[in-house]
2 protein chains.
Amino acid sequence: MCQHRRMSNTKALPLLEPATSEEATPCCPPLTERPFTADEAESAARMFKALGDPVRLRLFSSVASHEGGEACVCDISDVGVSQPTVSHHLKKLKDAGLLTSERRGTWVYYRVEPSVLATMGRLLTIPPSSA
Amino acid sequence: MCQHRRMSNTKALPLLEPATSEEATPCCPPLTERPFTADEAESAARMFKALGDPVRLRLFSSVASHEGGEACVCDISDVGVSQPTVSHHLKKLKDAGLLTSERRGTWVYYRVEPSVLATMGRLLTIPPSSA
DNA sequence: TTTCTGGATCGATATTTATCTATGTTGACG
DNA sequence: CGTCAACATAGATAAATATCGATCCAGAAA
């Protein structure tokens with residue numbers, strides 16, 4: 001939870017809830033399977049671009065590695081930029097479909113969209129006989 | 001090889017050569033393992049950013065999926081932008097360490113740096129008990 | 001209601017970047 | 001040699017973006 005002065009009394013972390021997993025857009029085949037179409041590239045590039053900024057990558061990693069699969073903004077904001085900048089980057093990660101957010105009382109919790117790691121991992125899978 | 005008017009008579013494709021595999025920088029642990037440090041984020045974000053443009057992603061996919069593991073620029077340049085723009089993007093992919101290039105006679109061949117897919121794939125590995 | 005706090009939004013700015021045209025460079029060929 | 005073709009580089013420009021300070025909004029507590 002959030003290590004701060006005034007503690008919330010709303011249930012801080014209903015961990016591991018159903019998660020409403022929408023089962024993802026498969027989006028694209030592995031990058032190595034065949035040349036991407038323009039549409040596929042547009043779609044996949046949006047995800048890579050979202051992780052293509054150091055601050056966003058740290059925020060994403062903080063959420064992804066946080067106990068319970070979610071993190072309060074106040075727990076991950078120590079990345080060397082101002083609070084509006086953190087907010088701006090979290091919004092971009094949300095818009096790219098990598099994170100979801102939920103407000104609970106005073107705090108806002110972010111979590112990794114369940115399908116994302118699998119979808120992006122699939123893009124980078126290595127073909128069976130890679131030389 | 002290159003489907004063009006004037007054919008080269010230098011050996012066009014010494015496929016699957018030793019590849020001088022430098023065995024890669026492991027760079028970073030999975031994104032889900034722990035919050036990335038600033039340095040780790042800087043390093044990993046550089047790779048994601050390189051794939052974060054649709055044109056570059058198509059070029060990368062074209063090389064990665066090309067028979068023999070390498071592709072001549074002339075075979076992958078049909079992505080809707082000018083020739084200098086293609087060249088510019090290929091340079092960025094090289095600078096990011098994702099591609100290598102080699103000139104053979106008239107043509108320049110690009111190939112995927114062998115370690116890259118594994119390194120980036122590792123970043124996106126899903127933790128053992130992901131809920 | 002008033003006050004405080006966590007976080008989002010607004011508006012401005014400096015930097016990055018994707019793209020182009022024009023030109024340079026390199027190798028093949030006659 | 002000169003010419004042609006494949007790429008790369010240079011320079012310019014318009015658009016995207018990372019960042020900030022100021023402000024706004026929502027929930028909690030006094």
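Everything quoted here is computed from the prediction, not taken from an experiment.
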Counting heavy atoms from C-beta on, name the nucleotide in [options] closest to the side chain of [X].
X     : options                : result
B:K49 : C:dT9, C:dG7, C:dT17   : C:dT17
A:S87 : C:dT9, D:dT19, D:dA6   : C:dT9
A:V81 : D:dT19, D:dT17, C:dA22 : D:dT19
B:K91 : C:dT19, D:dT9, C:dG7   : D:dT9
A:P84 : D:dT9, D:dC20, C:dT19  : D:dC20
A:D53 : D:dT19, C:dA18, D:dC7  : D:dT19
B:C74 : C:dT9, D:dC7, D:dA28   : D:dC7

Legend entry - Over 12 non-hydrogen atoms of neighbours within 6.0 angstrom of CG in B:D95: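 Yes, enclosed.
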Separation of atom [atom1] in [X] from atom [atom2] in [N], rounded to whole Å:
X      : N      : atom1 : atom2 : result
B:Y109 : D:dA6  : OH    : C1'   : 11 Å
B:D95  : C:dT16 : CG    : C1'   : 15 Å
A:H88  : C:dA14 : NE2   : P     : 18 Å
B:D75  : D:dA6  : CG    : P     : 11 Å
A:W107 : C:dA8  : CH2   : C1'   : 17 Å
B:E102 : D:dA6  : CD    : C1'   : 16 Å
B:L99  : D:dC7  : CG    : P     : 14 Å

Inset, instruction - Measure the spacing between CD of A:E33 and OG1 of A:T125 and express it to the nearest 0.5 Å. - result: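 It is 8.0 Å, given to the nearest 0.5 Å.
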Legend entry - Pairwise 5' ranking along DNA chain D for A:H89 and A:R103, keeping only the more 5' one: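 It is A:H89, whose closest nucleotide lies nearer the 5' terminus.
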Legend entry - A:L31 backbone acceptor or donor facing B:S61 side chain under 3.5 Å: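 Yes: the side chain of B:S61 pairs with the backbone of A:L31.
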Legend entry - Short side-chain to backbone donor-acceptor contact, B:R58 and A:F36, under 3.5 Å: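 Side chain of B:R58 to backbone of A:F36, a donor-acceptor pair under 3.5 Å: yes, one is there.
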Inset, instruction - Look at A:R56 and D:dT17 and indicate whether a side-chain polar atom (N or O) is within less than 4.0 Å of OP1 or OP2. - result: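 False: A:R56 side-chain N/O out of range (4.0 Å or more) of D:dT17 OP1/OP2.
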Legend entry - For B:S101, the option from B:E70, B:K94, B:K91 that meets side-chain hydrogen bond (donor to acceptor under 3.5 Å, both in side chains):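 Answer after filtering B:E70, B:K94, B:K91: B:K94.
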Legend entry - Distance-only donor-acceptor test (3.5 Å): side chain A:Q83, base C:dA8: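 It does, because a donor-acceptor pair links the side chain of A:Q83 to the base of C:dA8 below 3.5 Å.
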Inset, instruction - Check every strand shown and say whether B:K94 touches a base, only sugar-phosphate, or nothing at a heavy-atom separation below 4.0 Å. - result: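 Contact class for B:K94: none.
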